[in-house]
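Read the structure below first, then the notes.
Side chains are part of it too, since the values below use all heavy atoms of this structure and drop only hydrogens, waters and symmetry mates. Remember, it's 1-based here, ligands and their atoms both numbered in the order they're listed.
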Amino acid sequence: MNKKRLAIFVSGTGSNALNIIDHFKDHLQIEVGFVLSNKKDSPVIEACAARNVSVHVFTNSEVADGSLLLDVCLREKIDYIVLAGYLRLIPLDFIHVYNEKIFNIHPSLLPKFGGHGMYGDRVHQAVLEANEGCSGISIHLVNEHFDEGRILAQFSCLVKDGDTISDLKKRIQKLEHAYFPVVIEKTITLENND
Ligand code: GRF
């Protein structure tokens, strides 16, 4: 079979994007086609260059245009999109074309601590303020509602007494790096190997 091609969208430092790129390097069935960043100074740009992965840098008004995003992804023969810390709204026409083909990762156990405005440190802060005994990650497909698409997998970790946002963030990041690429890989291979 032709390799399935991923585009990874990032807004932040891109540690998940790089981890996914490294996971699929030399993979027989899946490859990363390109990374899209809406931040022109993201460290992910240089790190991708070092790995020979191309990066498209788009402005916020460009990424709001579904037809522009679609053009790039269709031209590059992209089969699946991975949102790895991507903070812009995905246009509806784009979601409809890539229906059930867009993965997202959220740093809490959805439906808890998800929804509009819940991203980054705000999520961890809310978890700590609610005195939760555990938190974790949710890997899900994207639909037209923030953080409400079908959940593919969740992994949990303890919230310990005295945890700071940064302690919890580190524990969550370990889960993200361990499981996000694997869930993407299993989902795509199961979908395409029958
Ligand atoms: C991760 O915590 C992810 O769960 C969230 O955004 C963060 C991205 O981090 N959606 P990085 O840019 O991959 O380091």
Side-chain angles (χ1 to χ4, degrees), residues 6-25 32 34-51 53 55-58 60 63 80-90 94-95 98 101-129 132 134-159 163-185 187:
L6 310 179
I8 309 177
F9 292 9
V10 304
S11 299
T13 55
S15 72
N16 279 283
L18 297 176
N19 182 51
I20 292 165
I21 290 169
D22 293 341
H23 181 87
F24 289 113
K25 182 175 176 283
V32 175
F34 68 87
V35 169
L36 179 151
S37 170
N38 67 316
K39 294 272 174 335
K40 62 178 186 326
D41 48 5
S42 169
V44 82
I45 298 171
E46 232 177 275
C48 283
R51 289 166 169 81
V53 172
V55 183
H56 296 296
V57 180
F58 283 165
N60 287 339
V63 294
Y80 293 87
I81 313 296
V82 178
L83 307 183
Y86 183 70
L87 297 178
R88 307 302 297 185
L89 195 69
I90 301 290
F94 188 88
I95 293 180
Y98 280 98
K101 306 277 186 221
I102 309 177
F103 298 93
N104 185 40
I105 188 159
H106 185 80
S108 76
L109 296 172
L110 291 172
K112 284 186 160 184
F113 309 105
H116 192 57
M118 289 303 272
Y119 60 87
D121 287 358
R122 291 180 189 193
V123 177
H124 307 309
Q125 187 174 351
V127 169
L128 293 175
E129 281 171 6
E132 294 285 305
C134 70
S135 188
I137 61 169
S138 303
I139 298 165
H140 66 96
L141 296 174
V142 170
N143 65 14
E144 47 276 89
H145 306 289
F146 258 117
D147 298 333
E148 287 182 22
R150 181 156 60 90
I151 292 176
L152 298 171
Q154 294 184 301
F155 300 92
S156 61
C157 62
L158 289 175
V159 179
D163 263 353
T164 61
I165 290 176
S166 139
D167 296 330
L168 186 54
K169 193 169 165 175
K170 273 191 212 138
R171 213 170 295 128
I172 296 274
Q173 196 176 51
K174 273 194 189 160
L175 290 179
E176 294 182 339
H177 291 177
Y179 293 113
F180 197 17
V182 180
V183 172
I184 294 168
E185 180 181 10
T187 306

Check: N16 N/O within less than 3.5 Å of ligand 1 N/O: yes
Per-atom contacts of ligand 1 with P107, taking only distances under 4.0 Å to non-hydrogen atoms: 4 (O)
Atom of F113, atom of S108 and distance for their closest heavy-atom approach: O-OG, 3.4 Å
Geometric class of the H56/F34 ring pair [parallel <30°, tilted 30-60°, perpendicular >60°]: perpendicular
G14 N/O under 3.5 Å from ligand 1 N/O: yes
Contact partition for E176 relative to ligand 1, non-hydrogen atoms under 4.0 Å: side chain
Modelled atom types, side-chain donor and acceptor of H177 and N19, under 3.5 Å: no
Shortest non-hydrogen separation from M118 to R122 and the atoms involved: CE-O, 4.1 Å
Ligand-side contact atoms (ligand 1) for residue partner I105, heavy atom cut-off under 4.0 Å: 3 (C), 4 (O), 10 (N)
Option set G120, G85, S11, S15, criterion heavy-atom distance to atom 11 (P) of ligand 1, minimum: S15
CG-CG distance between L110 and D147, expressed to the nearest 0.5 angstrom: 5.0 Å
